[in-house]
There are 2 protein chains.
Amino acid sequence: MTPCAHLIDDDDAIRDSLAWLLESCGVACRSYPSAEDFLAEWLPSCTGCILLDIRMGGMSGPELFDVLCERGCRMPVIFLTGHGDVPMAVAALKKGAFDFVEKPFNDNELVDRVVEALKLDANQRLAAADADSLSARLSSLTTREREVMELVLAGKLNKLIADELQISMRTVEVHRANLFDKMGVRTAVELAQLLAGKR
Amino acid sequence: MTPCAHLIDDDDAIRDSLAWLLESCGVACRSYPSAEDFLAEWLPSCTGCILLDIRMGGMSGPELFDVLCERGCRMPVIFLTGHGDVPMAVAALKKGAFDFVEKPFNDNELVDRVVEALKLDANQRLAAADADSLSARLSSLTTREREVMELVLAGKLNKLIADELQISMRTVEVHRANLFDKMGVRTAVELAQLLAGKR
DNA sequence: GCGAAAATTGTGGAAATCCGCAATGCGCCG
DNA sequence: CGGCGCATTGCGGATTTCCACAATTTTCGC
């Protein structure tokens, strides 16, 4: 799944002209004649953005959007519609849609939005990768190591930690060193920054 | 300026009925017949949320919204409109409007949204107060103290910091202690967490 | 039951931190 | 000029951290 715009619309002509427009601007595309077709191919690892028609035979655009959100799809979604109304647009945007565009649209503006969406997706993926590696490191920690980490992050001295966990200071030192190692960090300050906001 | 809903609409009847509805639900209100009237009274310290009509004589709702954004107003804005179109709604929400509701609206839903907006505003104010006190403490720091702080946050040992700043270790220790004191923290870890994300 | 991983503890020394006490030099403001 | 805030430094001791070397106990799955 290389990064590309996923075009979902039951009107062949629109899909084709949209694909032509985007590809002429250097944006790779994949077309799907229905929401179901897209869902069948979709994987969490899919990259890019989605251009989604509102009204389609079978599952509607908003319905597909809801399903994708539930399944953890983080691709930016640009709704395209010829018959959208205000409540629909408001609902879509509040649920996190990237944009909501009425047909007929301005070609240049749409291409710009698609490019922005692709950029956003790329950034989100980088952030997600970081988050994944972080939680991977976190889950490699032992229960004890995690407990020690909590207290370290609370700014407590090893002596106090030993006291609270009812273990010797030496043990705390060992756990501390091990968890620093696993988390890829050299000081408590780095650890605090690594987990800033998280946890 | 006690927390309240600020109603801005050039239609007296709508303002009055809206005020009646909200106050009957325990939400204090203030009414303004025009954007200009509101602007004349507005202060950055204003609390609450804004119910803003789109089409008004003089400055329009979106125009007022833009001005308020520029001036740093953080009150949630709920747009109310009888003649809104999709692009207008999309633009408003993308600029950060809290909601965009078409007239006629459902009374209960609107009240709910207003209550949510007021809650959001209260939370934002708490966060802003924290941020203010933080930046106040930060600006009470000496140049040297700030420099030392940066290096402490970089996880460096006093010895290294002394080296980089070309001063003695003892001096670093003094600055470190002073800045911890000013920032109201007891350990480097607490400092790192306090500034998590910031700076 | 056996073996690996995890948890635990000790000893001891080098290095770093934390702090009170004391003092000097500099620049600015009234 | 005198006081004040800031930066600077030294000394010395109590406390803590960091680690290498070494070892015992617990836990848990096959």
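Atoms considered below: every heavy atom in the structure, side chains included; atoms not considered: hydrogens, waters and symmetry mates. If you're wondering where the values come from, they're calculated on a predicted model, not measured in any experiment. Note on naming: letters A, B, ... go to the chains in the order of the sequence lines (proteins, then strands), and numbering restarts at 1 for each one.
Between the CZ atom of R176(B) and the P atom of dT8(D) there is a distance of 16 Å, given to the nearest Å. Going from atom CG of L160(A) over to atom P of dT15(D) covers 14 Å, rounded to whole Å. If you measure from atom CE of M169(B) to atom C1' of dC18(C), you get 10 Å, rounded to the nearest angstrom. In this structure, NZ of K159(A) is placed 15 Å from P of dC18(C), rounded to the nearest angstrom. Computed from coordinates, the D163(B) CG to dT8(D) C1' distance equals 16 Å when rounded to whole Å. One can place CG of N178(B) at 13 Å from P of dC18(C), the figure rounded to the nearest angstrom. Atom-to-atom, CZ of R146(A) to C1' of dA6(C) comes out at 13 Å; the value is rounded to the nearest Å. Between Q166(A) atom CD and dT25(D) atom C1' there is a gap of 18 Å when expressed in whole angstrom units.
Of the listed nucleotides (dT16(D), dT11(C), dC21(C)), dC21(C) has the atom at the smallest distance from the side chain of R170(B). Residue H175(B) has its side chain nearest to dT8(D) when only dT8(D), dT9(C), dT16(D) are considered. Of the candidates dC18(D), dT17(C), dT16(D), dT16(D) carries the atom nearest the L157(A) side chain, counting heavy atoms from C-beta on. When the nucleotides dC18(C), dT16(D), dT17(D) are ranked by their closest atom to the side chain of N158(A), dT17(D) comes out on top.
Centroid-to-centroid, the aromatic rings of F98(B) and F79(B) stay 6.0 Å apart or farther.
Evaluation of the salt bridge (Lys or Arg N to Asp or Glu O under 4.0 Å) rule for E116(A) yields R113(A) as partners, not counting sequence neighbours. Applying the side-chain contact (heavy atoms from CB on, under 4.5 Å) test to L80(A) and every residue at least two apart in sequence or in another chain returns L18(A), L51(A), I78(A), V101(A), K103(A), F105(A), L110(A).
Nearest-nucleotide positions on DNA chain C place S140(A) closer to the 5' end than the other of V174(A) and S140(A). Each of E173(B) and L165(B) was matched to the nucleotide of DNA chain D holding its nearest heavy atom; the match closer to the 5' end belongs to L165(B).
Proximity of T171(A) to the phosphate of dT8(C): no side-chain N or O atom is located under 4.0 Å from OP1 or OP2.
Using a 4.0 Å cut-off between a side-chain N of Lys or Arg and a carboxylate O of Asp or Glu, D121(B) and R125(B) qualify as a salt bridge.
Between H6(B) and Y32(B), the ring planes are parallel. Angles under 30° get that label, and only those over 60° would be called perpendicular.
The base of dG5(D) has none of its N or O atoms less than 3.5 Å from a complementary donor or acceptor on the side chain of R144(B).
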